[in-house]
There are 2 protein chains.
Amino acid sequence: MPSAPLPKASRRGLAQQAADLIREAIFAGHFPPGSPLREVELAASLGVSRGSVREGLAFLEREGLVRSAWHRGTTVIDVTERDVEEVYAVRAALDRLAATSAQGNATADQLTELDTLVQAMAEEIGGEASGARLLALDIAFHDLIYAAADNRRLDAAWHAVRSQIYLFQLRRIALGYEHYRARVVAEHHELATLLRSGDRETLARRAEEHVDSARRGLLTGPHP
Amino acid sequence: MPSAPLPKASRRGLAQQAADLIREAIFAGHFPPGSPLREVELAASLGVSRGSVREGLAFLEREGLVRSAWHRGTTVIDVTERDVEEVYAVRAALDRLAATSAQGNATADQLTELDTLVQAMAEEIGGEASGARLLALDIAFHDLIYAAADNRRLDAAWHAVRSQIYLFQLRRIALGYEHYRARVVAEHHELATLLRSGDRETLARRAEEHVDSARRGLLTGPHP
DNA sequence: GGCATGTCGAATGTTGACATTCGCTGATGC
DNA sequence: GCATCAGCGAATGTCAACATTCGACATGCC
C-alpha cells in the first residue's frame, strides 16, 4: 500500500511500526484471511514486546483488517461475499460525500495531481501492466479526493475501509485483472472531469456507480 | 464461601470498563472539551493499571471522543463549529445508507420497536420533558435503524461518530432544547413511516434532511 | 457409545518497573 | 532586553513477569 510520505515516520512509535509490518505481511499473503495473529509469535518475529504488538493489532482492528474477541485472540478478517458487500456499501456512501465535498474545495494542484494519476494509470496499462501498481494508483487517486474533501471524520471513516478494499482487490488481482484493467482509466478520468466541472448530482451518482463497478469486478470470476 | 462482589463484572475486560467510565465522565462534563486525560491520574482514579487505561483511551479514540498525539497525551475533542460540520456531514451520508438498507430488511419487531420509541418521545414531551432522556430515545431510534441495516462495517462507522453526536447534543441541551423538542417527534415519526412503506429516494432524502435539521439545531442559539 | 465433567496447556489480559520524549524554566551570552 | 540552550520534571512509550481465561483432550458415568 502506498503509505503517506514519512517525514516524521521514525517518531511514530513501535506500535505503529508493528502495525505497518503486520499489515504488509497480511497483504503479502503471509496471513491468509481467517488465520490467527498470535501476539507472542508476532512479538518474537518483530523483535518488540507483546504490548506494542497488542497496540498495533488494535490499530489494525480500527482499519477493519483484523477482528478481536475477548480472550479468543485476533484473526485476519474473512473475505466472504457478505464482507465485500458490506465494505462496498459503506464505501459508496463515503465516496459520494467525499466527491461532492471535494468539488469546489479542491485546490488547482490537487486537480492537476488527479490528472497526473489518471495518466500514470494509462501508461501503466500501455506497457506491461502490473495489477498491484494499478491498484496503488487507484487508491492514491481516491486518497487525494478524500484529502481534498478536508473532513477529518470522513478521512477517518475512509481509513476504516481502505485497507479492507486493498486486501480484497489484491486478492482478486492475483487471479487476473483484465476486468479491472478495462475500466480503471475511463472511470477515473470521468470522475476527475466531473470533479473539476460537473453537475453535483451527476458527480454523486457517478461516484456511487464507480464503487459499484469495483464491487462487481470483485464478485465476478473465480471465487477464493 | 465469600460471594463475589461483582458477579458478572468483567466479561469484557478492564480496558472496556475503563473506557465506559471515562466516557461517562466526559459526558458528565467532568472533562470539558480540550482537557487532557492523563493516564497515571486515570489509572489511580479508576483503580486499574496504566496499561488498561491506555487501551481504554485507544478505544475512545476509535469513537472519536478523544485525540492522541505522539508523546503528547490524550485530550478530549474540541467542539468547534468545524467539528460539528464534519461529524454531521459524515452522519448524513451514513444515515442515508442505513435508512435505505434497513428498508425492506427490518423485521416486524424492529418496526414495532421504532413506533414504541416515537411514542415514548411523545410521552416524554407531554410530561415534564427531560432533554437527556429525549436524546437517549433519539439515539436509540437510530441505533435500531443501524441494527436493522445489518451491516457490520456500517455499524462500526456509526459508532465512530455516535459518541461525538451524543457529546455535542448533550452540551447543546444544557443550554435549552426548545428547538429540539419542537421537531423530534414529527421527524422520527416520518422516518419510521417512510421506512415501513415509502419511496426509496424520498427516504434517502429525508434521512439526510433529518441530520441537517439536527445540525442546524446545534449551531443556532448560544455558542459555547 | 454418548454425554457431562475435570484437568491441562496455550494463548490472552493485566500489572508495575524502566526508558524515552517533550515542554518549561531559568541561567547565560550578546 | 531578548534569544538560545541545557537541565529538569512530568508525562507517555516500552518491556518482561504474573494472572486469568478458554478450548481441547481425556476421563468417567450413564
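To find a chain, count down the sequence lines: A is the first, B the second, and so on, and within it residues start at 1.
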Side chain to side chain contact (heavy atoms under 4.5 Å, CB included) with [X]: which residues, sequence neighbours excluded?
| X | result |
| --- | --- |
| A/A106 | A/Q110, A/L111, A/A148 |
| B/A99 | B/L195, B/L203, B/A207 |
| B/A140 | B/L117 |
| A/D78 | A/T80, A/D83 |

**Request:** Kindly write out the residues that satisfy ring pair (Phe, Tyr, Trp, His ring centres under 6.0 Å) with B/Y166, not counting sequence neighbours, or none if the list is empty.
**Result:**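 Ring pair (Phe, Tyr, Trp, His ring centres under 6.0 Å) check on B/Y166 returns B/F27.
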**Request:** Go through the structure and list residues passing ring pair (Phe, Tyr, Trp, His ring centres under 6.0 Å) with A/F141, not counting sequence neighbours.
**Result:**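 Expected list: A/H188.
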**Asked** How does DNA chain D look in dot-bracket notation if pairs are Watson-Crick or G-U with both distances under 3.5 Å, crossing ones as [ ], other-strand ones as |?
**Response** ||||||||||||||||||||||||||||||
Review item, nucleotides 11-14 of chain D N/O atoms under 3.5 Å of protein N/O:
from	atom 1	to	atom 2	distance (Å)
D/dT12	OP1	B/E39	N	3.3
D/dT12	OP2	B/E39	N	3.2
D/dG13	OP1	B/H71	N	3.4
D/dG13	OP2	B/R54	NH1	2.3
D/dG13	OP2	B/R54	NH2	2.6
D/dG13	O5'	B/R54	NH2	3.3
D/dG13	N7	B/R50	NH2	2.8
D/dG13	O6	B/R50	NH1	2.9
D/dT14	OP1	A/L14	N	2.5

**Message:** I need the full list of salt bridge (charged side-chain N to carboxylate O under 4.0 Å, His left out) pairs touching residues 104-114 of chain B, with sequence neighbours left out, sorted by first then second residue.
**Reply:** none
